[in-house]
Each structure stands twice: as structure tokens, then as C-alpha cells.
Visitor: 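Before I ask anything, let me first share the structure, which is written out below as C-alpha cells.
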Amino acid sequence: MRAPHDGLVRVRFAPSPTGYLHIGGLRTALYCYLFARSRGGQLVLRIEDTDRSRFLSDAEEDVVASLAWAGLSVDESPVKAGPFAPYRQSERTNQYLRHTVRLLHRGHAYYAFDTPEELDAMRKDGTFTYNAAGRIHMTNEFTLGSKELGRRLTSGEPYVVRLKTPEDRMVRFHDIIRGEVSVEASTLDDQVLLKSDGMPTYHLANVVDDHLMNITHVIRGEEWLPSTPKHILLYEAFGWEPPNMAHLPLIMSPTGGKLSKRNAEKQGIPVLVRAYRDLGFEPEAVINFLALLGWNPGTEEEVFGLADLVDAFTLDRVGASGAQFSLDKLRWFNQQHLRRLAAEDLLARVRSSIHAHGITVSDAYLMRVLDLLRERIVLAGSVATEYGYFFADPSAYDEKGVRKRWKDDSAGLLTAYADRLELLDPFDEEALESALRTLAGEQEVGAGRIIHPVRLATSGSTFGPSLFGMLAVLGRDVCVRRLQRAVQVLGR
RNA sequence: GCCGCGUUCGUCUAGGGGUCUAGGACGCCGGCCUUUCACGCCGGUAACACGGGUUCAAAUCCCGUACGCGGUACCA
């Protein structure tokens, strides 16, 4: 089955605005993007807002913002317009109506009047399927008679339109990732196409729009695989050539199972794209991680920028089995990407997260801090949280550290060191170190006897970057003040 | 229940009949470096779900079983 539009590849990402963009949704969008771009094709963002009861008004905005944050550009979207506008399904209802009528005329669809309650009751015993065998027991075009049908239709009684599933045949299609997939038509439901509120279901809207928008490749999550045969039937009913299909494996939680919001957050894994942004993750790292979750380049290369991914990506290297999300690995990718940033870019990234924490510092100072921290930060957002002592005096001293490092002679040694710092010139790394070592020599103690308490006093912590580099950045006044304060607080 | 899709180290994966005593990465463990914690470097742990075929030969092909996941809505 070849798509009709030779040459130009057109892919669509079609989220439903029922919530903010999920990390799994971003992965689908990414694969759509990578495939489209790697083939010199186009990417369309289409909003599938046909469920009015679950509609969330700012979800679309979040999708657009999240894609932009991730660096995934689209060629056509509700906010960008294009030759196939509108791109919100709620604004295309006339199309769905028109096509439903077409199906009705051709005998591929029919009117049905069963209420949700009646349907529930039928399904209670578990064996009911609304198909060729089941529909003769229901209230519809086939069981009502033309007079009653006409009456109900003209009197405005609520109805749905269902697809008339063929009785006994195999429905087959080729999936780029899974190969040939086939299912017996009798196991399929007479899918509702048009709901009683006049809106189309996903199935109808999706098929109609993909066709009308010249989509050549449908790339979506595996959860759609079971309903694809119904879509194939719809394409046939319309007399259209189906697009190429590719069903992506699902992202699973670290304990297996769907990476649902509840499931994931219980394990400390954010699911919303905006949460990764707020936590200070690098968009390229998130993208890199997501790309390798289900796809691999066939080489041992792992760190990719978006452009590299576009160059390397092919759909035939996408795996078929679900992959568990791993925060550890994401953090590793984040660190890799952080390191590749030019100094100014790193500064900009950290500056924005620092501002978000209400801290103000000069770029010059922050740059010096970053020189010290560059190799150790995993997350831009962690500079403000884990290395807060560069911006404010420590509010507490690590308890375990105090027990281990604060000795009887600490107060005396620190006081002596503080005195020397007052006079130190120049106040730089080298001078700081030699002053400390000189003091240690005079007092006949190991340098560590001073180094550790000094770190504790100036940072509140037992670990961190090179001590003397840190003191130099902090500056004379801050160092002296913190040393004296620690002597006061920790005493002896 | 029924339908569909999957199954290589704990995790992401390479491999697609002989080159597999199964490779890489994350994690974990050890060592080196070091004032600390990281980084870096060196080393280690650890996998072909099971059972039948096919074949001279199977992680690779076929069938079955088990397990996992998805679907089974007037949700997408």
C-alpha cells in the first residue's frame, strides 16, 4: 500500500488537548519530527479536540510551548496556519458531517439509537460485540424499519452513526515497525463515527483529516494499533489509499506498565514536559534521551544534538518493544549536553534558573562560579539549590560533617586562618592555599585539619569544588565573615 | 474473557543462521587521581523467557507455552 502523494513526506502530530503535553507525547512528536525532517518533509500539528467533556482550555498552548522548548518546529499548526487550515478538529465539523453522509449513502455506515445505558447493559455479560452479529439485537437502521427511522430522525431524537463492519474477512495492513498485521473483521466493533452531540469520534476525524491533509505517514503510539484495522476499513469505505503506518512502542514506567501520571509521579518521575523545563533539564538532553528510548543509530554513538538525530534517524531502526523510562540515564544525558555548552550559553541557562529562585548575581560573578562548577553540575537548575552557598551564607552546617570534621582545635585554627585572610594579598587561589599550608605547618597539624573545617564553615557542606578556588570566588569579606560565624556557632 | 503486539545484562540497546567464550551505554561494585564530593582514567558484576522443531550449525527461522504490555467507550 503506497501513499498517493509520491515525493513529499507529510507527517502529523495530533495530540488531544485534554491535558498538558506528556513526556510520551513529546517522544511521539519527536519521532514524527525526525522522520519528517530526515526525509525533507513537512510536519503538521493538528489539535484533536473532539471530546468536549475532557477539553482543557490551555492545553493547546502548552503543547505549542512544549514543542518550541524542545526545539521541534512544525510547518503547519493552529497558530501558524497553512494550506490545510483549520488545524483544530472542532473547527472542521462540516467536513466530518459531509463525509459521514457520504458513508451513509454508500451503505458503509448507519444510524443507531441505543442509549449508553442500553449499551452498558448489553456489555455486562462480556460477550456482546456491536458488529454484524450484534447489531440485529439493537436499536438501529436495520431493526427499526424505514418509517420509524424517518420519524426518529425528523423528530430530532439523538442518534449516532456507526461504521458497518464487514462480516467475515481479514483486515490486513503493513506497519513499518511491526510488519504485517492482520485481524478478523468480526472481532471489530461497529465503531461510532459521529457522536450524538454532532462531533466525530477520533477514528472518523483522524482518517478524514489525514486524507484531506495529504498525510503520507501516520506515526503514533502503539495504543492505536488495535484500532488501525477500523481505520483501514474506513479508508476502504471512502475509496482512499491509506497512508503508511508506523506504531511506536510505548514508554513504560521503571516498574513496567504505562507511564501514566499517577504511576510515574509515585516513583518521582515527572511526566509533564513543562516539569522537565521547570526542573532545569536541557531540552536537547531530554530529546536525546527520548530518541534513544526505542531507536538506536546502529553505531555506538550516544550523544546527539537534534540536528545529528535528524541526520541519523530512520524508522527501520525503531524497535518494537516498550522501553522503561530511566531518570538516571536522562540525568547522564543532561550532564553530557551541559558540558557541550559554550561558557556563555551555560551562563545563560543557569542564570535563568537562578533568577527563578529569586537570586540576583552579576554575570561576572556567576561566570566565576560556573568555571568552578562546570564539570560537576548535572542539572542547570541545581546550581541554585545545591550550591546555594555561592549566593548566600550557609544557614546550617551539615550535621554529620560537623561530627566528623569539627575538632577541638577547629575554632582556634579557623580564627587564625581568618586573621591571615584579612591581610592576604593577592586574595587568590594560590595565596589562599599557601597561607593555609603555612599555618598548618606552624601549628604542626595536617592541612586537612584546617581544610575540612574551613569548607564546612564557608559552605555548610562537606563536599564541593576545589576549596581554594571556592574561597577565592567567595571573596575576602565573605570568607572572613563565614569563618568567624562558624567559630561562634560551632564553638570550642 | 476476547483481540492484537512484544520478550538479549537491573535498565536502554547491538546483533537477524557459523566471526557470540554475546558488544556498547546507564546504574552498581572495586582501584587510581584527590583536602572533600564529583569529573576523568582503569577494572569488575550481569542477559539470549521456557519447551519443541527446521538445520551440519539457532540469540538469530518456525510452532507452542509462559510472562509483559496495549486494546476491547457516543475518550483520545
Side-chain angles (χ1 to χ4, degrees), chain A residues 14-19 48-54 89 112 114-116 119-120 123 125-127 129-130 158-162 175 177-179 181-184 186-189 191-203 205-206 220-229 247 249-250 252 254 256-258 289 292-303 317 319-333 335 339 373-378 386 401 404-405 433 436-437 440 446-452 454-456 459 461-468:
Chain A
S16 177
T18 55
E48 310 228 322
D49 54 348
T50 55
D51 184 354
R52 299 194 303 208
S53 65
R54 294 204 301 156
Q89 291 186 328
D114 319 277
T115 64
L119 291 168
D120 279 350
R123 285 193 256 258
D125 62 26
T127 56
T129 304
Y130 207 130
Y159 66 86
V160 299
V161 175
R162 287 179 179 270
D175 185 276
I177 294 170
R178 284 149 222 285
V181 178
S182 60
V183 64
E184 172 56 49
S186 62
T187 64
L188 266 21
D189 232 50
Q191 189 61 56
V192 170
L193 267 17
L194 200 67
K195 302 185 265 189
S196 58
D197 66 356
M199 291 296 262
T201 56
Y202 169 87
H203 308 283
N206 192 257
R220 83 233 289 196
E222 193 187 351
E223 71 270 26
W224 292 109
L225 194 60
S227 42
T228 303
H247 288 89
L250 262 22
M252 313 214 281
K258 204 172 178 176
F289 168 68
L292 275 287
L293 209 54
W295 170 85
N296 75 82
T299 64
E300 291 190 344
E301 201 178 347
E302 305 225 59
V303 181
R317 292 204 66 87
S321 50
Q324 295 184 14
F325 191 95
S326 162
L327 251 193
D328 277 334
K329 195 132 192 184
L330 206 211
R331 289 171 64 82
W332 179 78
F333 275 115
Q335 189 170 22
R339 282 196 199 165
L373 262 30
R374 188 175 184 88
E375 291 297 303
R376 36 201 317 129
I377 48 179
V378 170
E386 285 172 39
K404 186 169 175 197
R405 304 295 196 187
E433 177 159 8
L436 185 141
R437 291 196 187 280
R449 193 79 170 192
I450 310 178
I451 285 170
H452 296 296
V454 167
R455 178 183 295 285
L456 199 55
S459 74
S461 171
T462 56
F463 57 86
S466 153
L467 179 70
F468 303 109

Visitor: Once ring pair (Phe, Tyr, Trp, His ring centres under 6.0 Å) is applied, do any residues pair with A/Trp224, and if so which ones, sequence neighbours excluded?
Guide: A/Tyr202
Visitor: A/Arg339 near the nucleic acid: base, sugar-phosphate alone, or nothing, with a heavy-atom cut-off under 4.0 Å?
Guide: sugar-phosphate
Visitor: Rounded to the nearest Å, what distance is computed from the CG atom of residue A/Asn206 to the P atom of nucleotide B/C75?
Guide: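 Rounded to the whole Å, the gap is 15 Å.
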Visitor: Just call it for A/Ser321: base, sugar-phosphate, or nothing, with non-hydrogen atoms closer than 4.0 Å on any strand.
Guide: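 Sugar-phosphate, backbone atoms only, no base.
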Visitor: Scan side-chain atoms only and decide if A/Asp51 and A/Ser53 contain a donor-acceptor pair under the 3.5 Å cut-off.
Guide: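 Indeed, the side chains of A/Asp51 and A/Ser53 share at least one donor-acceptor pair under 3.5 Å.
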Visitor: Please report the C-alpha distance between A/Ile451 and A/Leu436 in whole Å, then the side-chain angles of each, then the deciding distance to 0.1 Å, and finally whether the side chain to side chain contact (heavy atoms under 4.5 Å, CB included) criterion is met.
Guide: CA-CA 8 Å; A/Ile451 285 170; A/Leu436 185 141; 3.7 Å; yes
Visitor: Rounded to the nearest Å, what distance is computed from the CG atom of residue A/Leu225 to the P atom of nucleotide B/G71?
Guide: 11 Å
Visitor: Is any N or O donor-acceptor pair between the side chain of A/Thr187 and the base of B/C3 shorter than 3.5 Å?
Guide: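 Checked by distance alone, the answer is no.
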Visitor: Regarding A/Arg331, tell me which of base, sugar-phosphate or nothing describes its non-hydrogen contacts under 4.0 Å with the strands shown.
Guide: nothing
Visitor: Give none if B/C3 has no partner; otherwise give the nucleotide forming a Watson-Crick or G-U wobble pair with it, both distances under 3.5 Å.
Guide: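 Base-paired to B/G70.
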Visitor: With respect to the side chain of A/Thr50, which nucleotide from B/A76, B/U7, B/U35 is positioned closest?
Guide: B/A76
Visitor: Whole-Å distance between B/C3 P and A/Leu188 CG?
Guide: 13 Å
Visitor: Is A/Asp114 touching bases, backbone alone, or none of the nucleic acid, heavy atoms closer than 4.0 Å?
Guide: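 The residue A/Asp114 makes base contact.
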Visitor: Is it the case that the side chains of A/Arg220 and A/His247 hold a donor-acceptor pair, with the cut-off being a distance below 3.5 Å and no angle test?
Guide: yes
Visitor: Can you measure A/Tyr202 atom OH to B/C75 atom C1' for me and round it to whole angstrom units?
Guide: 12 Å
Visitor: Under the side-chain hydrogen bond (donor to acceptor under 3.5 Å, both in side chains) rule, collect the residues that match up with A/Arg437, sequence neighbours excluded.
Guide: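 A/Arg437 satisfies side-chain hydrogen bond (donor to acceptor under 3.5 Å, both in side chains) with A/Glu433 once adjacent residues are dropped.
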Visitor: Does A/Arg374 have any side-chain hydrogen bond (donor to acceptor under 3.5 Å, both in side chains) partners at least two apart in sequence or in another chain, and if so, which?
Guide: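 Checked A/Arg374 against side-chain hydrogen bond (donor to acceptor under 3.5 Å, both in side chains); zero matches.
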Visitor: For the pair made of NE2 in A/His247 and P in B/C69, what is the distance, rounded to whole Å?
Guide: 20 Å
Visitor: Distances under 3.5 Å only, N/O to N/O: pair up the protein atoms with those of nucleotides 64-68 of chain B.
Guide:
none

Visitor: So A/Gly464, base contact, sugar-phosphate only, or nothing? Heavy-atom distance under 4.0 Å.
Guide: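 Touches a base.
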Visitor: Under 4.0 Å, counting only non-hydrogen atoms across every strand here, what does A/Pro465 touch: a base, just sugar-phosphate, or nothing?
Guide: base
Visitor: Taking side-chain hydrogen bond (donor to acceptor under 3.5 Å, both in side chains) as the definition, give me every residue that meets it alongside A/Arg449, ordered by chain and number, with sequence neighbours left out.
Guide: A/Asp409
Visitor: Looking at every strand, decide which applies to A/Gly446 at a 4.0 Å heavy-atom threshold: base, sugar-phosphate, or nothing.
Guide: nothing
Visitor: What nucleic acid atoms does A/Val183 come within less than 4.0 Å of, heavy atoms only: base, sugar-phosphate, or nothing?
Guide: sugar-phosphate
Visitor: How long is the gap from CG on A/Asp49 to CZ on A/Arg54, to the nearest 0.5 Å?
Guide: 12.5 Å
Visitor: A/Arg178 has an atom CZ; how far is it from atom P of B/G71, in whole Å?
Guide: 13 Å
Visitor: Please enumerate all protein N or O atoms sitting under 3.5 Å from an N or O of nucleotides 16-26 of chain B, with distances to 0.1 Å.
Guide:
unit_1: B/G23; atom_1: O2'; unit_2: A/Glu300; atom_2: OE2; d: 3.3
unit_1: B/G24; atom_1: O4'; unit_2: A/Glu300; atom_2: OE2; d: 3.0
unit_1: B/A25; atom_1: O4'; unit_2: A/Glu302; atom_2: OE2; d: 2.4
unit_1: B/A25; atom_1: O2'; unit_2: A/Glu302; atom_2: OE2; d: 2.7
unit_1: B/A25; atom_1: N3; unit_2: A/Lys329; atom_2: NZ; d: 2.9
unit_1: B/C26; atom_1: OP1; unit_2: A/Trp332; atom_2: NE1; d: 3.2

Visitor: Rounding to an integer number of Å, can you tell me how far A/His203 NE2 sits from B/G71 C1'?
Guide: 10 Å
Visitor: Mind checking A/Arg449 for me? I need base, sugar-phosphate or nothing, with any heavy atom below 4.0 Å counting as a touch.
Guide: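 Nothing, no nucleic acid heavy atom in range.
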Visitor: Round to the nearest Å and state the distance from A/Asn296 atom CG to B/U8 atom P.
Guide: 14 Å
Visitor: Touch check for A/Ala447, heavy atoms < 4.0 angstrom, all strands: base, sugar-phosphate only, or nothing?
Guide: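 Result for A/Ala447 = nothing.
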